[in-house]
Number of protein chains: 2
Amino acid sequence: MQNSLKAIFPNFSSELIATIEENGSHQDFKSGTILMRTGQYIKNTVLITKGKIKIYREGEDGGEFLMYYLQPGQACAISMICTTKSEKSQIMAKVVEDVSVMMIPLQMMDKWMMEHRSWYEFVIETYRSRFEEVLEVVDNIAFRSMDERLEFYLKRHSDACGCSEVKLSHQEIATELNTSREVVSRLLKKMEQRGLVKLNRNQIELLNTNFTN
Amino acid sequence: MQNSLKAIFPNFSSELIATIEENGSHQDFKSGTILMRTGQYIKNTVLITKGKIKIYREGEDGGEFLMYYLQPGQACAISMICTTKSEKSQIMAKVVEDVSVMMIPLQMMDKWMMEHRSWYEFVIETYRSRFEEVLEVVDNIAFRSMDERLEFYLKRHSDACGCSEVKLSHQEIATELNTSREVVSRLLKKMEQRGLVKLNRNQIELLNTNFTN
DNA sequence: AATCTACAGTAACATTTATCACAGAAGGAT
DNA sequence: ATCCTTCTGTGATAAATGTTACTGTAGATT
């Protein structure tokens with residue numbers, strides 16, 4: 001256990017790892033579990049050691065909008081921020097691949113910030129990278145049209161999984177981009193005609209990862 | 001001077017105020033000055049003591065997109081985040097009302113985080129509130145159409161200045177929402193017909209601040 | 001094999017937003 | 001007062017996106 005945590009969070013000091021083992025509680029969740037809801041109070045910070053969690057925003061009409069994914073070695077920035085004052089969550093977190101996490105009680109946050117340099121740096125870096133990621137999301141919806149956003153979305157996915165096949169239905173993609181299935185189908189078809197992708201049932205193969213044209 | 005800082009940042013401890021006075025440099029900037037550009041390296045954290053700074057994202061085509069405003073008693077979250085590793089800025093910061101600021105050299109950031117509880121809390125709270133604000137921006141562009149976004153925009157403005165008159169041209173508003181002047185003119189006209197605003201040259205008067213209908 | 005269901009394709013149409021073109025109005029400068 | 005510039009209003013049109021409706025197909029179920 002100690003070994004695995006150290007492997008996943010290589011920058012953590014040994015003392016920090018030990019402290020985490022001591023105070024955190026290890027938990028597993030199945031794909032589909034909703035870990036956090038908008039408006040819910042947060043009592044833990046979450047460190048991901050296995051699997052994938054989707055962080056998204058929910059519209060009043062029930063529409064979803066993907067913000068980013070959390071993967072092993074990462075932590076939920078929102079939970080860190082809100083934790084310090086036990087604020088309400090502003091986002092939804094859903095498990096999309098069975099996960100293992102360490103739940104860190106909120107009281108530890110402030111304490112460790114002072115006591116563990118490597119925790120402090122991890123937290124700051126988490127804030128920074130998530131903030132940047134969200135800014136990129138803003139860019140996309142503010143300045144780009146749906147076809148560009150779709151390309152960006154597929155690229156992000158293949159980057160995340162490290163493979164060129166994206167295993168999602170058009171409906172799922174549409175939901176995450178907050179558009180309709182028909183629009184996604186149309187645009188994908190156009191991309192196929194341009195030779196950028198190959199379409200199969202429940203699977204999109206990226207032919208030209210570097211389609212910046 | 002000591003007095004004024006304490007008045008603007010009431011939660012800062014006296015020792016922190018003294019430290020800021022000692023290490024920060026007081027500077028003034030005229031309206032229109034660009035304090036930070038995308039891609040620029042950041043070497044200071046900025047505390048605003050007077051005036052207003054606009055934080056926005058710039059598209060490749062030169063389009064702007066308003067993120068939020070910084071006002072007295074606030075600090076630039078981006079500069080704090082980037083500062084810790086002297087990262088590049090991801091946003092633009094432009095003075096929109098003559099400002100006075102305290103520039104804090106980046107080396108101080110980490111040091112004060114450990115030494116001054118009130119600084120630590122201020123930084124965390126700044127992260128949190130800005131993150132939330134950006135999430136709200138995402139909501140708006142992801143889920144809402146232009147007429148709703150325009151209403152929200154006007155509301156934010158009147159909230160910020162504390163008055164019901166928004167002194168902006170249609171062109172300026174269009175720029176910040178990344179749309180065109182004609183669209184703004186048309187939507188405003190409709191709002192006027194619905195009795196929500198009164199239109200004058202370079203000025204929009206909100207008649208019904210609570211237009212959630 | 002027959003049936004069922006989720007997924008994908010596509011045409012037709014509605015709506016929203018962007019763009020072009022131009023006219024008039026307000027206020028400052030001469 | 002006249003001229004100039006900026007701001008505003010509005011129609012016509014184009015483009016992008018959303019919606020409705022329907023068809024076909026692959027794979028699962030029976």
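The sequence lines fix the lettering, A, B, ..., with proteins before strands; numbering per chain opens at 1.
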How close or far is atom [atom2] of [N] from atom [atom1] of [X], stated in whole angstroms?
X	N	atom1	atom2	result
B/Glu192	D/dT10	CD	P	9 Å
B/Glu182	D/dA12	CD	C1'	12 Å
B/Arg149	C/dA18	CZ	C1'	13 Å
B/Gln203	C/dG27	CD	C1'	15 Å
A/Met146	C/dT17	CE	P	13 Å
B/Leu188	D/dG9	CG	P	8 Å
A/Leu177	D/dA16	CG	P	18 Å
A/Arg144	D/dT17	CZ	P	13 Å

Between [X] (side chain) and [Y] (backbone), is there a donor-acceptor pair under 3.5 Å?
X	Y	value
A/Asn140	A/Glu136	yes
B/Glu172	B/Ser169	yes
B/Asp61	B/Gly63	yes

Quick one: the side chain of B/Arg181 and the base of D/dG9, do they pair up donor-acceptor inside 3.5 Å? yes
Side chain of [X], heavy atoms from C-beta onward: which of [options] has the nearest atom to it?
X	options	value
B/Thr179	C/dA18, D/dC7, D/dT10	C/dA18
B/Lys189	C/dT19, D/dT10, D/dT19	D/dT10
B/Ser185	C/dG9, C/dA18, D/dT8	D/dT8

Less than 4.0 Å between a side-chain N and a carboxylate O, is that true for B/Glu151 and B/Lys155? no
How many angstroms lie between atom [atom1] of [X] and atom [atom2] of [Y], to the nearest 0.5 angstrom?
X	Y	atom1	atom2	value
A/Ile17	A/Leu5	CD1	CG	5.0 Å
A/Phe29	A/Ile53	CZ	CD1	8.5 Å
A/Arg130	B/Phe131	CZ	CZ	8.5 Å

Mind checking A/Ser145 for me? I need base, sugar-phosphate or nothing, with any heavy atom below 4.0 Å counting as a touch. sugar-phosphate
Give A/Asp147 one of three labels, base, sugar-phosphate or nothing, depending on what nucleic acid heavy atoms sit under 4.0 Å from its own. nothing
Output a table of nitrogen or oxygen pairs between the protein and nucleotides 24-30 of chain D separated by less than 3.5 Å.
none

Is there a residue in residues 165-174 of chain B whose heavy atoms reach under 4.0 Å of DNA chain D, and which residues are they? B/Ser169, B/His170
Would you say the side-chain atoms of B/Glu176 and B/Tyr153 include a donor-acceptor pair closer than 3.5 Å? yes
Can you give me every donor-acceptor pair (side chain of residues 92-106 of chain A, partner residue at least two apart or in another chain, under 3.5 Å) with its distance?
{"residue": "A/Asp98", "atom": "OD1", "partner": "A/Ser31", "partner atom": "N", "Å": "2.8"}
{"residue": "A/Asp98", "atom": "OD2", "partner": "A/Lys30", "partner atom": "NZ", "Å": "3.4"}
{"residue": "A/Ser100", "atom": "OG", "partner": "A/Asp28", "partner atom": "OD1", "Å": "2.7"}

Sorted by position of nearest nucleotide on DNA chain C, 5' first, the leading residue of A/Arg186 and A/Asn200 is A/Asn200
Please say which of A/Arg156, A/His157, A/Glu133, A/Gln74 ends up in a side chain to side chain contact (heavy atoms under 4.5 Å, CB included) with A/Tyr69. A/His157
